[in-house]
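A quick note: this is a predicted structure, and the numbers were derived from the prediction, not measured. Naming convention: chains lettered A, B, ... in sequence-line order (proteins, then strands); numbering from 1 in each chain.
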Number of protein chains: 2
Amino acid sequence: MTDLLAQRDSWQNSNCSIARAVEVVGNRSTLLLLREASFGTRRFDDFARRVGISEPVAAARLKQLVADGLLERRPYREPGQRTRDEYQLTRKGQELLPALTALRQWGDAWAADDAGPSVRVEHQDCGAAVHARLRCDAGHDVPPAEIDVRPGPGLLPA
Amino acid sequence: MTDLLAQRDSWQNSNCSIARAVEVVGNRSTLLLLREASFGTRRFDDFARRVGISEPVAAARLKQLVADGLLERRPYREPGQRTRDEYQLTRKGQELLPALTALRQWGDAWAADDAGPSVRVEHQDCGAAVHARLRCDAGHDVPPAEIDVRPGPGLLPA
DNA sequence: TAGCTGACTTTTGGTTTCCTAAGTCAGCCG
DNA sequence: CGGCTGACTTAGGAAACCAAAAGTCAGCTA
């Protein structure tokens with residue numbers, strides 16, 4: 001671990017996946033927009049209203065999310081309505097759901113209000129509640145206290 | 001789902017666990033400081049240098065993290081050195097590790113550079129790689145596409 | 001006791017972020 | 001064709017955030 005600590009100064013943030021993820025989703029409105037997208041929100045003004053941000057901010061963030069490939073913009077039309085654009089999660093965006101779920105879980109546990117969780121996440125197939133968990137390749141559930149950080153291939157000198 | 005969508009306007013962000021979690025950790029430097037804490041960084045200037053933020057910002061964020069109960073500040077002393085303060089993850093802070101792990105995993109998958117992941121997270125007991133996963137109470141692994149969001153107790157009218 | 005070091009705080013000034021309010025534009029509806 | 005609505009964009013200003021440089025303070029160490 002000391003080795004790792006000593007080397008870590010060299011990469012700092014440039015070669016850190018967390019830093020790169022945070023670069024994309026590391027602000028309030030982006031995470032909340034992704035939450036909305038995962039709940040099925042599709043329309044521009046629903047995003048803005050439900051997230052509680054102004055239209056200019058919603059427009060800018062959504063545009064950025066599309067540019068980053070987390071959302072896809074596609075035309076759709078409801079009967080009797082004109083064509084509109086909807087925003088839908090791409091696979092890249094969907095794969096942030098574990099992170100989002102872990103955050104919600106933490107919020108439920110540590111920052112909940114009296115009313116209890118406002119949403120329940122279920123497995124479509126069986127209806128059971130879904131949780132974010134850490135698990136190792138040997139199949140163990142791993143409590144946060146039992147994880148160990150080691151240098152990876154990107155850190156070791158070539 | 002339509003029911004849920006209709007009701008969702010009423011709670012917006014006030015009663016959302018994700019929003020509350022984001023309130024605490026929803027910015028770049030806070031997440032990165034927690035990453036450092038999980039790597040074992042303890043001292044003030046190591047935090048600042050490794051995260052790549054200035055000292056005033058580090059001081060403010062660390063203070064906020066202590067106030068929010070994610071970090072604990074405690075005196076410690078290395079042999080031959082004077083007493084110093086270290087910052088250590090509390091249980092509340094530790095339980096954010098699944099979220100942090102999920103973010104890293106996403107970054108590794110979608111925003112990695114050529115060198116590969118810079119850290120490897122292992123299960124202390126067995127050395128196997130640790131991943132963040134979604135799982136339901138029935139024991140199934142749940143891919144992001146198979147989750148279903150329903151209103152929870154905090155959303156339903158009393 | 002004078003110096004040094006770690007851990008801050010203060011000050012200054014620039015950049016980013018956000019909101020409000022108002023304007024634009026396209027297409028269905030009457 | 002004229003109004004309306006959804007989806008934005010523009011303009012203007014307040015607030016938050018940030019880095020750099022300098023100052024403070026406490027307690028070893030010489």
Does the side chain of Ser29(B) get closer than 4.0 angstrom to OP1 or OP2 of dC18(D) through an N or O atom? yes

Separation of dC18(C) atom C1' from Glu55(A) atom CD, nearest Å, is 14 Å

Any donor-acceptor pair under 3.5 Å linking the side chain of Thr101(A) with the backbone of Ala132(A)? no

Nearest whole Å is fine: how far is dG6(D) P from Arg42(A) CZ? 15 Å

Residues forming a side chain to side chain donor-acceptor pair (under 3.5 Å) with Gln88(A), sequence neighbours excluded: Arg74(A)

In whole angstroms, how far is the P atom of dT16(C) from the CG atom of Asn27(B)? 17 Å

Counting heavy atoms from C-beta on, name the nucleotide in dG6(D), dC8(D), dA7(C) closest to the side chain of Ala59(A). dC8(D)

How far apart are the closest heavy atoms of Asp141(B) and Arg135(A), and which atoms are they? OD1-NH2, 2.9 Å

Should Thr41(A) and Asp46(A) be marked as a side-chain hydrogen bond (donor to acceptor under 3.5 Å, both in side chains) after you check the CA-CA gap, both sets of side-chain angles, and the distance that decides it? CA-CA 7 Å; Thr41(A) 296; Asp46(A) 287 337; over 6 Å; no

When the distance from CD1 of Ile53(B) to C1' of dT15(C) is rounded to whole Å, what number comes out? 17 Å

d(CD, Glu86(B); P, dC8(C)) in whole Å: 12 Å

From the candidates dA21(C), dG6(D), dA7(C), the one with an atom nearest any side-chain atom of Arg43(B) is dA7(C)

Kindly indicate whether the side chain of Gln64(B), heavy atoms from C-beta on, has any atom under 4.5 Å from the side chain of Thr30(B). no

Considering only heavy atoms, which members of residues 63-73 of chain B lie under 4.0 Å from some atom of DNA chain C? Lys63(B), Arg73(B)

So, the side chain of Trp106(A) versus the backbone of Lys92(B): is there a donor-acceptor pair under 3.5 Å, distance only? yes

For the backbone of Arg150(A) and the side chain of Glu122(B), can you confirm whether one donor and one acceptor N or O come within less than 3.5 Å of each other? no

Nucleotide dT5(D), atom C1' - distance to CZ of Phe44(A) in whole Å: 14 Å

Check the distance between dC19(C)'s P and Arg61(A)'s CZ and give it to me in whole angstrom. 9 Å

Indicate the atoms forming the closest heavy-atom contact of Gly69(A) with Thr90(A), along with that distance. O-OG1, 2.6 Å

Between the axis at one end of the helix from dT1(C)-dA30(D) to dG30(C)-dC1(D) and the axis at the other (five pairs apiece), what's the angle to 10 degrees? 10°

Return the nearest nucleotide to the side chain of Val57(B); candidates are dT10(D), dA19(D), dC18(C). dA19(D)

Would Asp137(A) and His123(B) count as having a side-chain donor-acceptor pair, cut-off 3.5 Å? no

Rounded distance (Å) that lies between atom P of dC8(D) and atom OH of Tyr87(A): 4 Å

